[in-house]
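Along the sequence shown, residues carry numbers from 1. Only this structure's heavy atoms are used, side chains among them; waters, hydrogens and symmetry mates stay out.
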Amino acid sequence: VKTAARATSDSDTPDLLRKRCMKIIVEKTGVHNPFKGAHGPRILALVGPTGSGKSSTVAKIAGGLKMKCGAGVALISLPSKSPGAVESLREAARTFDMTLDIPKNNEALQRSLWGSRDKDVILIDTPGVNPNDDAAVKAVAAMLKTGLPIETALVLNLTASEESHADACKGFGVIDPDCLVFTRLDEAKRFGAVVNVSARLKKPVAYLCNGQNIPGDIRLPSRSFLGN
């Protein structure tokens with residue numbers, strides 16, 4: 001908004017200012033499809049704070065890839081203190097006829113990844129951790145160090161406060177996520193965090209989730225969609 005305001009003149013109308021803001025958002029906010037042009041198994045791990053919606057997002061992505069693209073998908077759930085997270089993936093595995101592994105350590109994860117090498121996509125759900133708990137975040141990062149090209153997506157709840165988003169950006173910086181996922185758009189009253197976090201981390205937006213339907217209520221946003 002400040003950038004747009006600096007380029008205004010006294011003759012500008014509110015509609016023109018709005019269009020200028022949209023143009024800047026489109027230019028400043030990147031979008032990313034983690035699976036576009038992928039060859040061989042593409043591995044995506046979702047990381048983020050507790051309750052951000054990682055498990056349901058994994059289920060939505062998996063279901064969409066299977067039903068819309070006919071992709072072979074394997075699910076992996078890292079050890080979690082939340083039984084509900086694992087159960088939601090069990091349900092997704094049953095519904096979409098997918099494999100689900102729950103490796104207990106890094107070596108077991110490597111075996112799971114190797115065993116799923118015939119799949120098109122491997123999705124990894126990680127335990128939710130407090131971004132202010134440096135040891136917990138580093139434990140997730142260490143678990144994902146397998147020597148394989150694992151792409152990571154930071155999942156954030158859009159209804160959380162700006163302060164919470166800032167904490168997550170800082171805390172999960174040690175993992176250096178490749179892209180962003182925002183959940184609960186249907187409950188949010190403001191959407192500026194999508195642009196703010198993307199600009200803060202200089203990372204593109206991969207998915208937006210706007211409900212609880214699986215595999216629906218998720219989309220790969222375009223730049224114009226973000227601008228609107």
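Side chain of Asp120 to backbone of Gly72: a donor-acceptor contact under 3.5 angstrom is found. Between the side chain of Arg42 and the backbone N or O of Pro34, at least one donor-acceptor pair lies under 3.5 Å. A donor-acceptor pair is defined here as one N or O able to donate and one able to accept, closer than 3.5 Å; such a pair exists between the side chain of Thr183 and the backbone of Ser52.
The local environment of CZ in Arg117 is crowded, with over 12 non-hydrogen atoms from other residues, nucleotides or ligands closer than 6.0 Å. The number of heavy-atom neighbours closer than 6.0 Å to CG of Asp15, taken from other residues, nucleotides and ligands shown, is above 12.
With sequence neighbours excluded, no residue satisfies salt bridge (Lys or Arg N to Asp or Glu O under 4.0 Å) with Asp118. Residues satisfying the side-chain hydrogen bond (donor to acceptor under 3.5 Å, both in side chains) test with Asn106, not counting sequence neighbours, are Gln110. Remark: Arg94 pairs with Glu87, Glu91 by the salt bridge (Lys or Arg N to Asp or Glu O under 4.0 Å) rule, at least two apart or across chains.
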Result block: side-chain N/O donor-acceptor pairs under 3.5 angstrom for residues 131-144, not counting sequence neighbours:
residue, atom, partner, partner atom, Å
Asp133, OD1, Ala135, N, 3.3
Asp133, OD1, Ala136, N, 3.2
Asp134, OD2, Lys138, NZ, 3.1

Side chains of residues 191-200: which donor-acceptor partners sit under 3.5 Å, not counting sequence neighbours?
residue, atom, partner, partner atom, Å
Asn196, ND2, Gly192, O, 3.4
Ser198, OG, Lys203, O, 2.6

Validation: residues 160-168 side-chain donor-acceptor distances under 3.5 Å, sequence neighbours left out:
residue, atom, partner, partner atom, Å
Ser161, OG, Ser164, N, 3.1
Ser161, OG, Ser164, OG, 3.0
His165, NE2, Asn157, O, 2.9

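Between Phe172 and Gly48, the shortest heavy-atom distance links the atoms CZ-C, 3.3 Å. When all heavy atoms are compared, the tightest approach of Phe96 to Pro215 is CZ-CD, 4.0 Å. Ala74 approaches Lys119 most closely through the heavy-atom pair CB-CG, 3.8 Å. Here the closest heavy-atom approach between residue Glu151 and residue Cys179 is recorded as OE2-SG, 4.0 Å. What you find for Leu113 and Leu148 is that their closest heavy atoms are CD1-CD1, 3.7 Å. Closest heavy-atom contact between Val181 and Thr57: CG1-CG2, 4.0 Å.
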**Prompt:** Can Lys54 and Thr126 be said to form a side chain to side chain contact (heavy atoms under 4.5 Å, CB included), step by step?
**Reply:** CA-CA 8 Å; Lys54 294 180 298 300; Thr126 67; 4.0 Å; yes

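From Cys209, atom SG reaches atom CG of Leu156 across 11.5 Å, with rounding to the nearest 0.5 Å. Remark: Lys66 NZ to Ile61 CD1 distance equals 16.0 Å, nearest 0.5 Å. With values rounded to the nearest 0.5 angstrom, Leu75 atom CG is found 11.5 Å from Ser112 atom OG. Between atom NZ of residue Lys170 and atom CG of residue Leu201 there is a gap of 13.5 Å, rounded to the nearest 0.5 Å. The CZ atom of Arg184 lies 13.0 Å from the CG atom of Asn210; values are rounded to the nearest 0.5 Å. Ile214 CD1 to Met67 CE: the interatomic distance, rounded to the nearest 0.5 Å, is 12.0 Å.
For the pair Ile43 and Ile124, the minimum side-chain heavy-atom distance is below 4.5 Å. Residues Leu78 and Pro103 meet the side-chain proximity criterion, which asks for heavy atoms closer than 4.5 Å. A heavy-atom distance below 4.5 Å is not found between the side chains of Val121 and Leu44. With a 4.5 Å cut-off on side-chain heavy atoms, Asn105 and Leu109 do not count as touching. Pro204 has its side chain out of reach of Val31: every pair of non-hydrogen atoms, C-beta onward, lies at least 4.5 Å apart. Residues Val73 and Leu123 have side chains in contact (heavy-atom distance under 4.5 Å, counting atoms from C-beta outward).
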